[in-house]
Amino acid sequence: MTSQPKAAPLMPSTTQIVRAGVNGAAITGAWTAINEGIRVRNGQTTTDAAMRATASSAAIGAGAGAVATLASHLARNAPVLGLVALAAGVLYFANSSRKPAPADAAPETTPEDAEAAQ
């Protein structure tokens, strides 16, 4: 009697996902910290803004690492589900980084300003 090989689990273990998230956070956080440190030294930004930017990038990197791990694991075991997971992750992160377009840069005038100009 030959034994059938065990099927690989559809989802990776929680430990694998957490490790991928930590790695993603470490890589993007370190890269952003270096760039933001240079900007602080050059006087282009404040330390507080640099810390917020670094934390934000690290959080995005953690999510990207976790999504990439899920997608690659699914792609090995169920190729169609892997593609769906990858597409969903890409769309989510692409849409979450969009910021609304800034309003017109011209200052608004009030009726009092219009009268004073005349």
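Using a distance-only test at 3.5 Å, with no hydrogens or angles considered, a donor-acceptor pair links the side chain of T28 to the main chain of S57.
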Tell me which donor-acceptor pairs under 3.5 Å the side chains of residues 34-44 have, and how far apart each pair is, sequence neighbours excluded?
from : atom 1 : to  : atom 2 : distance (Å)
N35  : ND2    : W31 : O      : 3.4
E36  : OE1    : R39 : NH1    : 3.4
E36  : OE2    : R39 : NH1    : 3.2
N42  : ND2    : I38 : O      : 3.4

With a 3.5 Å cut-off and sequence neighbours excluded, list the donor-acceptor pairs that the side chains of residues 65-85 form with protein atoms.
from : atom 1 : to  : atom 2 : distance (Å)
T69  : OG1    : G65 : O      : 3.0
S72  : OG     : A68 : O      : 3.1
S72  : OG     : T69 : O      : 3.1
H73  : ND1    : R76 : NH2    : 3.2
H73  : NE2    : P9  : O      : 3.1
H73  : NE2    : N77 : ND2    : 3.2
N77  : ND2    : P9  : O      : 3.0
N77  : ND2    : H73 : O      : 3.2

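Grouped by direct or indirect side-chain proximity (heavy atoms under 4.5 Å, Ile/Leu/Val/Met/Phe/Trp/Tyr only), L91 sits alone. Cluster partners of M51 are absent, since no Ile, Leu, Val, Met, Phe, Trp or Tyr has side-chain heavy atoms less than 4.5 Å from it.
The two residues I17 and P12 come nearest to each other via the heavy atoms CG1-CG, 3.8 Å.
Every pair passing salt bridge (Lys or Arg N to Asp or Glu O under 4.0 Å) that includes a residue from residues 44-64 is listed here, sequence neighbours excluded: D48-R52.
With sequence neighbours left out, R19 forms a salt bridge (Lys or Arg N to Asp or Glu O under 4.0 Å) with no residue at all.
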